[in-house]
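Note: hydrogens, waters and symmetry copies are ignored here, and every other heavy atom, side chains too, is used. In listed order, ligands and their atoms are each counted from 1.
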Amino acid sequence: PAKDIIGVLFRAGKMATINDPLDENDLLDIGMELGVDVTIKRAETVEDVISAQLALPDEELGDIQPRPPIITVLGHVDHGKTTLVDKIRSANVAKGEAGGITQHIAAYQVDHNGHKLTFVDTPGHAAFGEMRARGANVTDIVVLVVAADDGVMPQTVECIAHARAAGAPIVVAMNKIDLPGANEQKVLTDLANQNLLPVEWGGDTEVVRVSALNGTGLDNLLETLLVTAELKELKAPTDAPADGVCLEAFRDEGRGPVAWIIVRRGTLRVGDLVLCGPSFGFIRAMYNDRDEEISEAPPATPVRVAGLNAVPNAGDTFLVLADDDIDIAREVAETRQVRGRTELLSRRGGPRTLEEFLSK
Ligand code: GTP
Ligand code: MG
């Protein structure tokens with residue numbers, strides 16, 4: 001009876017009425033006091049269902065096929081990450097197309113001797129850490145860029161830690177070997193000091209000399225990456241409803257919210273209902289990394305999508321839902337929007353009074 005429960009709480013110094021919610025500890029205490037076995041069951045929320053779907057093992061999602069590796073490029077500021085990915089890309093897309101690339105993109109896919117590789121150029125190691133923290137990590141291999149004239153720097157050390165925490169093998173691209181100040185021995189020593197013993201010193205860390213600027217060593221780097229990927233035997237279900245991660249998103253003047261996403265598994269199709277962080281919508285149009293319109297994107301493909309109702313955040317996971325689940329998608333997206341705004345306000349210290357609020 002309620003009065004017994006209120007009595008137990010009262011004796012424990014807690015004033016409660018019949019309408020008060022009780023927390024788990026209170027419930028267990030009450031059970032003990034009254035000699036009743038208490039079993040706590042949680043209501044399954046839509047978020048629970050979504051997390052469960054994202055956590056489904058590949059085997060439960062139908063036909064599994066080999067997929068390209070997703071390679072994230074990390075390294076200290078200015079060591080040449082963007083130059084490296086741009087160079088690999090321009091050398092590996094058909095002539096004429098490369099010239100047309102104007103906008104900066106977060107990810108792209110190249111074809112090397114008939115094998116596809118997907119590269120992700122991170123804006124910084126912090127973004128990578130953030131994605132990993134949110135369980136949105138899609139990286140199979142990390143290319144650690146170390147400038148030969150600078151060696152291992154503080155952010156390089158952080159990148160190594162991130163790669164290790166993500167369980168991703170590290171391939172080192174020793175960059176800027178064209179510079180007179182390049183000191184290969186120092187880089188090798190620095191790496192060894194971080195427990196990345198180079199293969200040439202009897203360890204198992206591949207260190208590939210490159211010059212992102214003039215293209216030296218890039219074929220070698222791609223070969224090393226393909227061998228590393230082969231060892232991992234990367235596979236993904238191809239027929240399942242797609243899921244993956246948003247790498248970058250923005251509002252386009254003409255097209256509305258646009259998101260660069262990478263498909264982790266399944267195949268994303270135009271017309272699919274997507275829930276991505278605090279946004280949702282039917283995919284209206286999809287473009288590949290060369291700005292060509294495409295209708296479907298298999299695993300490990302980076303694509304730009306239009307059709308979401310709002311701009312998601314980098315690192316948000318996305319998921320395709322059944323068309324009938326549009327109301328669920330809207331509800332979850334709206335709940336996440338509200339939660340996102342509340343978090344943002346509390347992080348900023350938030351307006352506290354109505355007066356403060358109105359003056360903002
Ligand atoms: P952040 O994104 O700011 O962390 O920098 P990043 O690592 O992407 O470096 P970025 O590619 O922007 O290169 C930084 C500078 O190094 C640029 O001026 C490049 O031209 C130069 N650079 C990159 N690779 C090489 C190289 O192989 N040789 C030489 N000499 N310069 C290079
Ligand atoms: Mg860069």
Side-chain angles (χ1 to χ4, degrees), residues 70-93 98-99 101-110 112 117-132 137-139 141-163 166 168 170-188 190-191 194 196 198 205-225 245-250 260 262 289 302 304 313-315:
I70 301 174
I71 298 157
T72 300
V73 182
L74 295 178
H76 192 72
V77 61
D78 273 355
H79 276 198
K81 300 176 289 293
T82 303
T83 311
L84 180 75
V85 289
D86 284 353
K87 194 69 172 186
I88 290 174
R89 182 169 193 228
S90 61
N92 287 275
V93 295
I101 299 153
T102 47
Q103 81 212 106
H104 168 75
I105 53 162
Y108 64 85
Q109 202 168 57
V110 301
H112 183 71
L117 302 101
T118 300
F119 284 89
V120 179
D121 177 21
T122 52
H125 60 290
F128 183 82
E130 165 108 341
M131 282 197 194
R132 195 171 48 72
N137 181 49
V138 289
T139 302
I141 302 171
V142 163
V143 168
L144 183 71
V145 178
V146 183
D149 62 333
D150 212 15
V152 169
M153 299 299 283
Q155 279 175 30
T156 319
V157 175
E158 283 178 41
C159 295
I160 295 169
H162 282 310
I170 298 173
V171 171
V172 177
M174 191 199 290
N175 192 30
K176 306 198 186 186
I177 52 159
D178 58 287
L179 288 178
N183 185 344
E184 297 187 8
Q185 291 307 305
K186 177 177 185 294
V187 175
L188 297 177
D190 285 356
L191 290 169
Q194 298 300 321
L196 289 175
T205 301
E206 296 285 354
V207 181
V208 185
R209 272 85 162 162
V210 299
S211 166
L213 200 62
N214 60 31
T216 313
L218 296 189
D219 275 354
N220 206 349
L221 179 62
L222 291 173
E223 284 303 324
T224 306
L225 290 171
V245 177
C246 169
L247 298 171
E248 201 173 298
F250 54 94
W260 270 108
I262 194 158
D289 54 6
R304 193 158 48 89
N313 313 295

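- Results of the side chain to side chain contact (heavy atoms under 4.5 Å, CB included) test with Val142 over Val171, Val120, Leu74 single out Leu74 as the only residue that passes.
- Residue contacts to the Mg ion (ligand 2): Thr82 brings an N, O or S atom closer than 2.8 Å.
- Here the closest heavy-atom approach between residue Leu84 and residue Val143 is recorded as CD2-CG1, 4.2 Å.
- Across all non-hydrogen atoms, the minimal contact from Ala182 to Lys176 is CB-O, 3.9 Å.
- Nearest-residue assignment for atom 4 (O) of ligand 1 (options Lys87, Lys81, Met174; heavy-atom criterion): Lys81.
- The CG atom of Asp178 sits 5.0 Å away from atom CG of Asn214, with the distance rounded to the nearest 0.5 Å.
- Which of Leu84, Thr83, Val77, Asp78 comes nearest to atom 23 (C) of ligand 1 through a heavy atom is settled by distance: it is Thr83.
- Contact check for Leu191 versus Thr205: no side-chain heavy atoms found under the 4.5 Å cut-off.
- In this structure, Leu144 CG and Thr72 OG1 are separated by 12.0 Å, a value rounded to the nearest 0.5 Å.
- Remark: ligand 1 and Ala212 share an N or O pair separated by less than 3.5 Å (distance only, no angle test).
- Interface of Asp178 with ligand 1, defined as ligand atoms under 4.0 Å from a residue heavy atom, comprises 26 (C), 27 (O), 28 (N), 29 (C), 30 (N).
- Of all the heavy atoms of Thr82, the ones lying under 4.0 Å from any atom of ligand 1 are found in both the backbone and the side chain.
- Considering backbone and side-chain N/O atoms, Gly80 comes within less than 3.5 Å of an N/O atom of ligand 1.
- Here is the list of ligand 1 atoms found below 4.0 Å of a heavy atom in Leu179: 30 (N).
- Within the 4.0 Å heavy-atom criterion, the part of His79 lying near ligand 1 is the backbone and not the side chain.
- Judged by distance alone, the side chain of Asn175 and the main-chain N or O of His79 form a donor-acceptor pair under 3.5 Å.
- Looking at Leu213 against ligand 1, both its backbone and its side chain come within 4.0 Å, counting heavy atoms.
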